[in-house]
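The figures that follow rest on heavy atoms only: side chains count, while hydrogens, waters and symmetry mates do not.
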Amino acid sequence: MTRPTSSQVPVQLAQKTRDPDAVSSKVDDYYRYRVGELWAAKHPLKGRTPRPGAIRLRTNDYLGIAQHPHIIESEVAALRAGGHGESVSRVWLHHVDDPISRFEERVASLCGAESALLCPSGYAANVGLIQSLSGPGKHVFIDQKAHISLWEGIKSAGANPVPFRHNDVEHLKRQLQAFGSGLIAVDALYSTDGNIAPLVQFADLAERYGCALIVDETHSFGTQGAAGAGLVQDMGLTERVHFRTMGLSKAVASRGGAIVCSTRNSEFLRYESLPSIFSTSVLPHEVAGYNAALDVFRDETWRQTKLASNHAYLRAGLDAIGYNVNASKAQIIALEAGDIRQTVLLRDALESRGVFGAIFFPPATPEKRCLIRLTVNCIVSREELDRVLSVCQEIKDEVGMADWRSTRRKRRENGYLNRNQRVAA
């Protein structure tokens, strides 16, 4: 059987040799349960292909720099000067004046920290950080919506995950009282709905209960704070957050990751983080691109301003139509349709009209809270945003928006706020 080319996926795919039971049982479960039952043989990730003129709100290139001439020219110059470099693990690249070390110093300085460590990816940064710091019998207090790489770090360490409700300071406090100290792991800006963590209150709890605070700045680095330094810097918490991680695949529009921390801890992590030890380092031309991206953050501040303006405009318009976008505080907006079939219906309605977001479903979300994520950028035009709003208005009855659980939550939340306003008056 040939591989299907559309969204339709057979409940089984034939192969020449039979897998052992140790493999086939899990693969069979994927095809029978997920593909056959949950997805009704229609793969959620296999939607339409964007055509010319389509509005793409699924890129993480928030500042619109992927085609920036300064970045491209910097990378090309580095390739011509030194090719791919040594292509070895970061543990061998410890010279004082090499390009990677110089960039690490620049990132640390930008973030108001002592040191930084470049990693193969943001995922590797999170996994390696928690794997290095924690272990069996130790607790990691983690926001329920924290990035999956932080959860995988806990699993890699063999540590005990202690989840707390999303951005719920009081619930975290009760968990700390019940379990004692450990690591606290949160995102600064959440990748599914654009919510921002109450970092000041989390820092207060970390200090009170003797915990180390880890903040993933992947979606806020470059887009928030002075010259893109992130939310920790913007909130004045550089001395109170022990570890910041970031993927360089969002506002930097590249790949790679970094951990920002003290000099003592970065030296420790350099030789203890397994993903960093056993992966090839980022390459010199990529580092040249990172440096050029930081130049753009510094010199073209209009990009941050326009990003915030575009987000505010789209969020306000969607809210007025009736979509529940209450959680969104920055450039990420979630249209939470509910289960996977409702969300595929929404995805298809948007894509058929030339609007492309990103579909999120388990394991990225709970089963009943699947969503389409719209990621705003600074180069989308006001006319394109108006087109998105027009489409969302047009399809809201077609996709049953009024009956979504998220819509009902919005009505309850708005009613609660209105009651409080009347009481205050």
Side-chain angles (χ1 to χ4, degrees), residues 50 54-76 103 106-107 109-112 116 118 121-122 125 147 187-196 215-235 244-258 260 282 285-315 328-334 356-358 373-385 388:
I55 301 170
R56 306 184 191 209
L57 295 181
R58 63 185 188 184
T59 177
N60 292 317
D61 180 16
Y62 299 129
L63 300 181
I65 64 173
Q67 303 296 324
H68 198 290
H70 176 51
I71 296 173
I72 294 171
E73 290 162 7
S74 298
E75 291 198 12
V76 169
F103 179 73
R106 184 177 181 185
V107 169
S109 176
L110 172 64
C111 294
L118 265 179
S121 67
H147 195 268
D187 290 12
L189 171 58
Y190 281 85
S191 62
T192 53
D193 58 14
N195 209 345
I196 289 176
V215 176
D216 185 336
E217 290 253 38
T218 294
H219 290 271
S220 49
F221 182 68
T223 66
Q224 314 290 321
L231 282 167
V232 169
Q233 182 267 353
D234 197 44
M235 295 182 183
R244 279 170 277 176
T245 62
M246 56 201 66
L248 302 177
S249 56
K250 314 308 179 195
V252 178
S254 185
R255 72 178 190 106
V260 176
V282 296
H285 74 279
E286 294 173 318
V287 177
Y290 304 159
N291 272 306
L294 295 195
D295 293 342
V296 175
F297 293 176
R298 179 194 63 209
D299 298 337
E300 300 181 18
T301 56
W302 66 265
R303 293 177 182 272
Q304 271 196 22
T305 303
K306 185 68 182 298
L307 175 65
S309 173
N310 282 348
H311 166 259
Y313 184 80
L314 183 59
R315 184 191 184 281
S328 179
K329 305 300 188 297
Q331 65 268 13
I332 298 163
I333 299 174
F356 286 76
R373 184 181 75 177
L374 305 179
T375 48
V376 185
N377 60 68
C378 75
I379 57 176
V380 63
S381 69
R382 185 58 54 90
E383 291 75 20
E384 288 173 317
L385 294 177
V388 173

Any donor and acceptor pair, going by atom type alone, linking the side chain of N310 with main-chain N or O of V380 inside 3.5 Å?
-> yes
Rounded to the nearest 0.5 Å, how far apart are CG of L57 and CZ of F356?
-> 11.0 Å
Would you name the heavy atoms of F221 and G228 that are closest together and state the gap between them?
-> CD1-O, 3.3 Å
With sequence neighbours excluded, residues passing side-chain contact (heavy atoms from CB on, under 4.5 Å) with A358 = R58, F360
Which distance, rounded to the nearest 0.5 Å, do you find between the NE2 of H147 and the OG1 of T192?
-> 10.0 Å
Donor-acceptor pair, Q331 side chain versus H219 backbone, under 3.5 Å?
-> yes
Contacts of A116 meeting side-chain contact (heavy atoms from CB on, under 4.5 Å) (sequence neighbours excluded), chain-then-number -> E104, V107, A108, V260
Quick one: ring-ring contact (aromatic ring centres under 6.0 Å, His included) partners of F103, sequence neighbours excluded?
-> Y290
Which residues share a salt bridge (Lys or Arg N to Asp or Glu O under 4.0 Å) with E384, sequence neighbours left out | none
Sequence neighbours excluded, every pair satisfying salt bridge (Lys or Arg N to Asp or Glu O under 4.0 Å) that has a member inside residues 225-234 = none
Closest approach of I65 to A253 (non-hydrogen atoms, all atoms of both residues) | CG1-CB, 4.0 Å
Which atom pair, heavy atoms only, marks the closest approach of A330 to S328?
-> O-OG, 3.1 Å
Indicate yes or no: at least one non-hydrogen side-chain atom of I333 is less than 4.5 angstrom from one of H311.
-> yes
Can you check whether L189 reaches L231 side chain to side chain, under 4.5 Å on heavy atoms?
-> yes
In this structure, CG of L314 is separated from CZ of R382 (nearest 0.5 Å) by 10.0 Å
Ignoring hydrogens and angles, tell me if any N or O in the side chain of S121 forms a donor-acceptor pair with the backbone of G257 under 3.5 Å.
-> no
What pair of heavy atoms forms the shortest contact from L307 to Y62, and how long is it?
-> CD1-O, 3.8 Å
For E217, check side chain to side chain donor-acceptor pair (under 3.5 Å) against everything at least two apart and list the hits.
-> S220
Might you point out which heavy atoms bring T223 and A251 nearest each other, and give the distance in Å?
-> CG2-CB, 4.0 Å
Look only at the side chain of R303 and the backbone of C378, and say whether a donor-acceptor pair between them is shorter than 3.5 Å.
-> no
Nearest-0.5 Å distance, CG of residue N60 to CD1 of residue I332 | 7.0 Å
Taking salt bridge (Lys or Arg N to Asp or Glu O under 4.0 Å) as the test, write out the residues that go with D193, two or more places apart.
-> K145
Interatomic distance, CD1@I55 vs CG@L385, rounded to 0.5 Å, equals 8.0 Å
Across all chains, not counting sequence neighbours, the side chain to side chain donor-acceptor pair (under 3.5 Å) partners of H68 are E300
Identify the two heavy atoms, one from G222 and one from Q304, that lie closest to each other, and give their separation to 0.1 Å.
-> O-NE2, 3.2 Å
With sequence neighbours excluded, tell me which residues meet side chain to side chain donor-acceptor pair (under 3.5 Å) with S191.
-> none
Would V215 and M235 satisfy side chain to side chain contact (heavy atoms under 4.5 Å, CB included), going step by step from the backbone distance to the final call?
-> CA-CA 13 Å; V215 176; M235 295 182 183; over 6 Å; no
Evaluate the side chain to side chain contact (heavy atoms under 4.5 Å, CB included) criterion for residues M246 and V252: first the C-alpha distance (whole Å), next the side-chain angles of each, then the deciding distance (0.1 Å), finally the verdict.
-> CA-CA 10 Å; M246 56 201 66; V252 178; over 6 Å; no
Y190 meets the side chain to side chain donor-acceptor pair (under 3.5 Å) criterion, sequence neighbours left out, with D143
Evaluation steps, side chain to side chain contact (heavy atoms under 4.5 Å, CB included), between D61 and I379 = CA-CA 10 Å; D61 180 16; I379 57 176; 5.6 Å; no
For R255, which residues count as a salt bridge (Lys or Arg N to Asp or Glu O under 4.0 Å) partner, sequence neighbours excluded?
-> E286
Would you give me the side-chain donor-acceptor pairs under 3.5 Å for residues 291-299, sequence neighbours excluded?
unit_1, atom_1, unit_2, atom_2, d
N291, OD1, R106, NH1, 3.1
N291, ND2, V287, O, 3.4
D295, OD1, R106, NH1, 3.3
D295, OD1, R106, NH2, 2.7
D295, OD2, H70, NE2, 2.8

